[in-house]
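To start, the structure itself, in structure tokens.
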Amino acid sequence: MFNPSLERKAIAVLSGNDGCAIARSAEAKALGVQMGEPAFKLRHYVEKNGLILMSSNFTLYGDLSSRVMSVLATFSPGISVYSIDEAFLDLDGLPLGDMTPWCQEVRATVLRWTGIPISVGVAPTKTLAKLANRMAKRSPRTGGCLDLSGHPEWLQRALKQTPVGDVWGIGRQFAGHCGVAGIRTAWDLTQASDGWVKKAMGAVGLRTVMELRGTAVHALEDGPADKQTTCVSRSFGEAVEDFGQVRDAVVSFATRAAQKIRRDGLVAGGIQAFAHTDRFRQDQPQHILSGTLRFATPTSSTPAIIAAATRLLEANREDGYGYKKAGILLFELVRPEDVPRDLFSSAKDPRPEALMKAVDGLTDRMGRAVIGFGLPAKDAPWRAKSEHRSPNWTTQWEDIPVVKA
DNA sequence: TCTGGGGTCCTAGGACCC
DNA sequence: TCTGGGGTCCTAGGACCC
């Protein structure tokens, strides 16, 4: 959108630390760039075929995502955002019949107002809507929109054209079980017996099959449920032997995790901190360090979470390894009003909360780098690589594009 | 040299209860 | 010889999703 010269080019977006391909343009797929392929294996495409590699920029993607979602929300009061690039809309109550013109309007509006092309699939269940969407995206004839509701013969043809492994809820293992049983397409799976499905893929698989048969079992939720866990982990730009550096990294991850749960209005009942060596370097000694503790009182206070994380790390400290990744996990997340009262402590100390409120206020107004607990050096060796990063076109004043008169 | 990050749900087995 | 019936909770591991 911001760099039209990239249109129609072979381009892949890399994971964190510029590790491997996590998104590919159609042209990159045509070259043979695989999902999850390590970046160093893509170099020959870059040199021979002009493949363009970009670092991921989730701040930018998140902002554009929320713009798209807010446009979608104008089309149906029942919207459930499923991921950064997908949402389900409840069409109950909308005029029945051919939904295609309506879908075209949704698509055209999102494109016009945000610059993002989307595809739309309509069907009686979420699993079938995902299947319809996939066909709409792949087949130019559909113009990006496919309505499989009220067209039994189209639905059957779509099911027969969809490989079973491309069905939502069928991953590698389940697809393998299906293959052994001679089940190749989504249609084949609808014909399998409940007993076989339950045995091979459990209750989850059975729900997928019900949805393929047209019985909705995945309801459209009103709002997203509260998170149960929040994890912040990163691979390091290079292996780190200085344990102090590992600790610095974990402190910054703890800071970030605390921010995240405060933003979600939650407190954590416990924390796990971990660090491990490079699992791909089997020629080097491997080590996984990990520790868990529960807070006496659930908290979202950055100093409390940092203190716990560093305590766990030091308690499980092992020197002499090259650490390549570390992180922390906050679990037993609950809303503060749901935390049971502590029988033995009297008045709650109001100061940590007030402090975090002040820090969050400053961060919101002036950015994350302005105030913090032990701000790490910008050039710390554990900082992830991000060598092909796009600007934050929509969220940083200095990156906002300027239109020339 | 170089290989991501962040989630959910289910299941089986063990420990416990009356 | 013979040894009940009905539960809950927790955990680790495995499946899936984006």
Side-chain angles (χ1 to χ4, degrees), chain A residues 12-24 33-44 46 53-59 61-62 65 69 80-88 126-127 130 133-134 164-178 197-209 211 217-218 221 224-239 249 253 256-257 260-261 264 266 269-270 272 274 276-284 290 292 294 322 324-333 382 384-388:
Chain A
V13 177
L14 301 175
S15 65
N17 210 26
D18 290 343
C20 56
I22 57 166
R24 303 153 294 155
V33 177
Q34 297 298 308
M35 184 69 177
E37 202 170 353
F40 68 87
K41 290 189 181 169
L42 298 175
R43 200 165 307 133
H44 70 279
V46 174
L53 297 178
M54 298 295 292
S55 304
S56 46
N57 182 345
F58 278 92
T59 306
Y61 310 153
S65 170
M69 299 310 174
S80 156
V81 175
Y82 176 63
S83 74
I84 198 164
D85 69 346
E86 284 175 293
F88 292 101
K126 284 185 168 182
T127 305
K130 292 260 293 179
N133 188 297
R134 174 180 169 278
V164 71
D166 288 343
V167 172
W168 187 41
I170 306 295
R172 259 226 293 271
Q173 287 295 319
F174 289 0
H177 294 148
C178 287
V197 174
K198 179 86 199 321
K199 197 156 171 242
M201 307 189 285
V204 190
L206 198 50
R207 283 203 279 270
T208 293
V209 173
E211 287 244 322
V217 290
H218 297 306
E221 307 83 12
D226 283 341
K227 274 200 191 49
Q228 302 170 29
T229 62
T230 283
C231 178
V232 175
S233 72
R234 293 286 180 279
S235 293
F236 298 154
E238 53 191 74
F253 303 157
R256 184 81 192 101
K260 282 166 85 170
I261 64 168
D264 292 341
L266 301 169
Q272 178 184 31
F274 60 89
H276 59 75
T277 47
D278 189 344
R279 65 197 168 100
F280 294 102
R281 295 295 301 270
Q282 290 299 325
D283 56 320
Q284 294 182 352
S290 164
T292 296
R294 283 183 158 74
K324 193 68 197 329
K325 179 172 175 168
I328 75 148
L329 177 74
L330 298 176
F331 56 88
E332 281 173 22
L333 300 183
W382 48 268
K385 277 182 282 189
S386 186
E387 289 172 358
H388 317 278

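Just so it is clear: chains get the letters A, B, ... in the order the sequence lines come, proteins before strands, and each one is counted from 1.
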What nucleic acid atoms does [X] come within less than 4.0 Å of, heavy atoms only: base, sugar-phosphate, or nothing?
{"X": "A:Y82", "answer": "sugar-phosphate"}
{"X": "A:A39", "answer": "nothing"}
{"X": "A:E86", "answer": "sugar-phosphate"}
{"X": "A:V167", "answer": "sugar-phosphate"}
{"X": "A:K325", "answer": "sugar-phosphate"}
{"X": "A:D278", "answer": "sugar-phosphate"}

Side-chain N or O of [X] versus OP1/OP2 of [N]: is the shortest distance under 4.0 Å?
{"X": "A:K324", "N": "B:dT3", "answer": "yes"}
{"X": "A:K227", "N": "B:dT8", "answer": "no"}
{"X": "A:T229", "N": "B:dT8", "answer": "yes"}
{"X": "A:S56", "N": "B:dG5", "answer": "no"}
{"X": "A:S233", "N": "B:dG6", "answer": "yes"}
{"X": "A:R256", "N": "B:dG6", "answer": "no"}
{"X": "A:T230", "N": "B:dG7", "answer": "yes"}
{"X": "A:K260", "N": "B:dG7", "answer": "yes"}
{"X": "A:K130", "N": "C:dC18", "answer": "yes"}

**Prompt:** So, A:S56 side chain and A:L14 main chain: donor-acceptor pair closer than 3.5 Å or not?
**Reply:**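 Flag set: sc A:S56 to bb A:L14 pair under 3.5 Å.
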**Item:** N/O donor-acceptor pair under 3.5 Å between A:S386 side chain and A:S55 backbone
**Value:**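 No, A:S386 side chain to A:S55 backbone: no donor-acceptor pair under 3.5 Å.
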Interatomic distance, [X] [atom1] vs [N] [atom2] [rounded to whole Å]:
{"X": "A:L14", "N": "B:dC2", "atom1": "CG", "atom2": "P", "result": "16 Å"}
{"X": "A:I22", "N": "C:dC17", "atom1": "CD1", "atom2": "P", "result": "17 Å"}
{"X": "A:R207", "N": "C:dA15", "atom1": "CZ", "atom2": "C1'", "result": "13 Å"}
{"X": "A:K126", "N": "C:dC17", "atom1": "NZ", "atom2": "C1'", "result": "12 Å"}
{"X": "A:W382", "N": "B:dG5", "atom1": "CH2", "atom2": "C1'", "result": "16 Å"}
{"X": "A:D283", "N": "B:dT3", "atom1": "CG", "atom2": "P", "result": "13 Å"}
{"X": "A:R134", "N": "C:dC17", "atom1": "CZ", "atom2": "C1'", "result": "16 Å"}
{"X": "A:Q272", "N": "B:dG6", "atom1": "CD", "atom2": "P", "result": "13 Å"}

By nearest atom, which of the nucleotides [options] is closest to the [X] side chain?
{"X": "A:R234", "options": "B:dG4, B:dG6, B:dC2", "result": "B:dG6"}
{"X": "A:V232", "options": "B:dG5, B:dG6, B:dT3", "result": "B:dG6"}
{"X": "A:V204", "options": "B:dG4, B:dC10, B:dG6", "result": "B:dC10"}
{"X": "A:K198", "options": "C:dC18, B:dT11, B:dC2", "result": "B:dT11"}
{"X": "A:F174", "options": "C:dA15, B:dT1, C:dC18", "result": "C:dA15"}
{"X": "A:Q228", "options": "B:dC9, B:dC10, B:dG5", "result": "B:dC9"}
{"X": "A:S83", "options": "B:dG5, B:dG4, C:dC18", "result": "C:dC18"}

**Request:** Compare all side-chain heavy atoms of A:K385 with those of A:N17 and state whether any distance is below 4.5 angstrom.
**Result:**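 Answer yes - side chains close enough.
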**Message:** Any non-hydrogen side-chain atom of A:T127 less than 4.5 Å from a side-chain atom of A:V167?
**Reply:**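 Answer yes - side chains close enough.
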**Prompt:** In Å and rounded to the nearest 0.5 Å, what is the CZ to CD distance from A:R279 to A:Q284?
**Reply:**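 Nearest 0.5 Å value for the CZ-CD distance: 14.5 Å.
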**Item:** Aromatic ring pairing A:W168/A:F88, orientation class (parallel under 30°, perpendicular over 60°, tilted between)
**Value:**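 If you compare the ring of A:W168 with that of A:F88, the planes turn out tilted.
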**Geometric class of the A:F58/A:Y61 ring pair [parallel <30°, tilted 30-60°, perpendicular >60°]** =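 The arrangement is perpendicular - the two ring planes meet at more than 60°.
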**Prompt:** Using atom P of each nucleotide, how far apart are C:dC18 and B:dT3 to the nearest Å?
**Reply:**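 To the nearest whole Å, 25 Å.
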